[in-house]
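Worth knowing before you read on, the calculation uses all heavy atoms, side chains too, and leaves out hydrogens, waters and symmetry mates. As the structure is a computational prediction, the values presented were derived from the model and not from experiment. Order of the sequence lines fixes the chain letters, A, B, ..., with proteins taken first and strands second; residue numbering starts at 1 for each chain.
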Amino acid sequence: MPELPEVETIRNGLSRFVLFKEIKKLVLLDTNLFKGAENDLLKLRKDEFSQIDRLGKALVFSFKKSEKKMIIHLKMTGQLVYFSGKNLKEQAMLAGGHSEKGQNNLDISKFKHLRLRIEFFDNSFLILNDTRRFAYLKLLNIKEFEEVSGKLGVEPLSKGFSLSYFLKILEKRKKNIKAFLLDQSFVVGMGNIYADEILFASKLSPFRSVDSLDLKQKKVLYNNIKKILKLAIKKRGTTFSDYVDADGKSGNFSSVLKVYGRKGQKCRSCNGLVGKTKLVGRGTHYCPKCQN
DNA sequence: CTCGTCACCTGAGCGC
DNA sequence: TGCGCTCAGGTGACGA
Ligand SMILES: [Zn+2]
C-alpha cells in the first residue's frame with residue numbers, strides 16, 4: 001500500500017483535479033470494493049467533492065451537499081488515476097497508488113483491474129485500479145467516521161505527536177519495536193518500507209523491543225519518524241518514479257531508500273551488506289552492523 | 001498484552 | 001512452457 005507519504009501525495013494530486021466538479025455517477029465495477037448499498041453511491045449524483053483529507057493511510061472525501069464521508073483505503077495495490085477525458089493517451093494523470101514499470105504512458109487500457117469509476121459531468125473521470133482487491137471504499141456518516149478515526153493513533157506530522165506523547169505511548173510496553181511502528185493504533189502512517197527505513201536511520205535493530213530503548217534512543221527514533229516521513233513526502237513517495245504531476249515534475253523517494261528492497265546490497269553507511277529476515281510477519285530489511 | 005498464523009486476492013519471479 | 005512455491009507497500013480475526 002501506499003504508506004503515509006504516498007497517500008499524502010495522492011491527496012495533493014487529487015485535490016488539484018477533482019474538487020468542486022459536479023459528479024455524474026460512481027460506477028462500481030467490483031462489489032468487493034464497496035459492501036454498502038449501491039443506491040447510496042447513486043445519491044452522490046450532482047454532488048461535489050469539497051475536500052480531501054488523509055486519515056492515516058486512508059483518503060477521506062467530503063462532499064458539498066452530502067454529510068457523509070467517503071473513505072478509500074488503497075491497501076497494497078490500489079491506484080487512483082485521473083483522466084481529463086479529452087485525450088486518453090496523453091492527458092491521463094496518475095494521481096495515486098503504486099506505479100508499475102512501463103506505466104508512464106497512462107493509457108487507460110493499461111489498467112487491468114478497474115474497480116470503480118467516478119465520472120464527472122465535464123467528461124473527466126477518476127478510476128480506482130486494484131490488482132489484489134484489498135482496497136475498500138466506505139460511505140460513513142459522521143458518527144461512523146468518528147468511530148473509525150477514534151481507533152487510530154496520532155498523526156506523526158501533527159502537533160499531537162509531541163515527544164512527550166511519544167514517550168508516553170512507549171511506556172509499559174514490551175512490544176517489538178517494528179511491530180509498534182506498524183501498529184496504526186499508536187502512530188498512523190508507517191508501513192513496511194518506512195518502518196525499516198526509520199529503524200535504519202535510528203541505528204536500531206528491528207529485533208529490539210520498545211522497553212529496551214533508553215531515553216536517547218527513543219528521542220532519536222521520534223525525530224527520525226518525522227524526518228523520514230517529511231523527506232518522503234517532499235520526494236512525493238517511494239512508488240512514484242513514473243508519476244508526473246500538473247507541473248511536469250516527477251519525483252521519488254526510492255532513490256533514497258537505504259535498506260528496503262536492498263537485500264544483499266552494500267549498506268550505505270558501512271561496508272557490510274543489507275540483510276533481510278521475517279519479523280512480525282513482514283519482510284524486514286536491516287544492516288546487522290549499523291543497527292543494534 | 002504480544003506474538004504467530006491465517007485470511008483476504010492476484011500476479012511476478014524463480015528453480016526445476 | 002508449465003508447475004509449484006515464495007513474495008508483495010495492509011489489516012483484521014483468532015488462538016496460544
Ligand atoms: Zn551498515
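Distance NE2 (His285(A)) to P (dC7(C)): 11 Å, rounded to an integer number of Å. When rounded to the nearest whole Å, the span between CZ of Phe180(A) and C1' of dC1(B) equals 14 Å. Atom CG of Leu279(A) is separated from atom P of dA8(C) by 12 Å (rounded to the nearest Å). Rounded to whole Å, the distance from CZ on Phe186(A) to P on dT11(C) is 14 Å. Between Tyr260(A) atom OH and dA8(C) atom P there is a gap of 6 Å when expressed in whole angstrom units. Atom CZ in Arg282(A) sits about 13 Å away from atom P in dG4(B), given to the nearest Å. Put simply, CG on Asp183(A) is 13 Å from P on dG10(C), counting in whole angstrom units. Distance NZ (Lys112(A)) to C1' (dG11(B)): 14 Å, rounded to an integer number of Å.
Between Arg173(A) and dT2(B), a side-chain N or O to OP1/OP2 separation shorter than 4.0 Å is present. The shortest distance between the side-chain N/O atoms of Lys278(A) and the OP1/OP2 oxygens of dT5(B) is not below 4.0 Å. In this model, the phosphate group of dG11(B) is approached by a side-chain N or O of His113(A) to a distance below 4.0 Å at OP1 or OP2. For Gln184(A), a side-chain nitrogen or oxygen approaches OP1 or OP2 of dT11(C) to under 4.0 Å. Remark: Lys174(A) is not in phosphate contact with dC1(B), judged by side-chain N or O atoms under 4.0 Å from OP1 or OP2. Contact between the side-chain N/O atoms of His73(A) and the OP1/OP2 oxygens of dT11(C) is found at a separation under 4.0 Å. For the pair Asn32(A) and dC9(B), the criterion of a side-chain N or O lying under 4.0 Å from OP1 or OP2 is met.
DNA chain C is contacted by both Leu182(A) and Gly283(A); Gly283(A) maps to the nucleotide lying nearer its 5′ end (nearest heavy atom per residue).
Phe120(A) does not carry Lys24(A) over the face of its six-membered ring by the limits of under 6.0 Å from the centre and within 45° of the normal. In this structure, Lys138(A) forms a cation-pi arrangement with Tyr136(A), its terminal cationic atom sitting closer than 6.0 Å to the ring centre and no more than 45° off the ring axis.
Looking at Glu3(A), its side chain does come within 3.5 Å of a backbone N or O of Ile193(A) through a donor-acceptor pair. Looking only at distances, no side-chain donor or acceptor of Asp122(A) sits under 3.5 Å from a matching main-chain atom of Lys21(A). Of the possible polar contacts, none joining the Asn224(A) side chain to the Ile198(A) backbone as a donor-acceptor pair under 3.5 Å is found.
dC9(B) is unpaired under the criterion used here, namely a Watson-Crick or G-U wobble arrangement in which both key atom distances are under 3.5 Å.
Ionic pairing of Arg117(A) and Glu119(A) is present here: one or more N-O contacts between side-chain nitrogen and carboxylate oxygen are shorter than 4.0 angstrom. Using a 4.0 Å cut-off between charged side-chain N and carboxylate O, Glu8(A) and Arg11(A) make a salt bridge.
Using a 4.0 Å heavy-atom cutoff across all strands shown, Lys276(A) reaches sugar-phosphate atoms only and no base atom. Counting any heavy atom pair closer than 4.0 Å across all strands shown, Asn176(A) reaches sugar-phosphate atoms only and no base atom. Across all strands shown, Gly191(A) has heavy atoms under 4.0 Å from sugar-phosphate atoms exclusively, and none from any base.
Here the separation of dG2(C) from dC9(B), taken at their P atoms, is 27 Å to the nearest Å. Rounded to whole Å, the P atom of dG4(B) lies 15 Å from the corresponding atom of dC7(C). Rounded to whole Å, the separation between the C1' atoms of dC3(C) and dC8(B) comes to 24 Å.
Side-chain to base pairing of Arg132(A) with dC9(B): one donor and one acceptor N or O lie within less than 3.5 Å of each other.
Residue Phe134(A) and nucleotide dC8(B) are classified as a stacked aromatic pair, their ring centres being separated by less than 5.5 Å at an interplanar angle below 30°.
In this structure, the nucleotide among dT2(B), dT11(C), dG10(C) sitting nearest to the side chain of Lys175(A) is dT2(B). Taking every side-chain heavy atom of Ala179(A) into account, dC3(B) is the closest of dG11(B), dC3(B), dA8(C).
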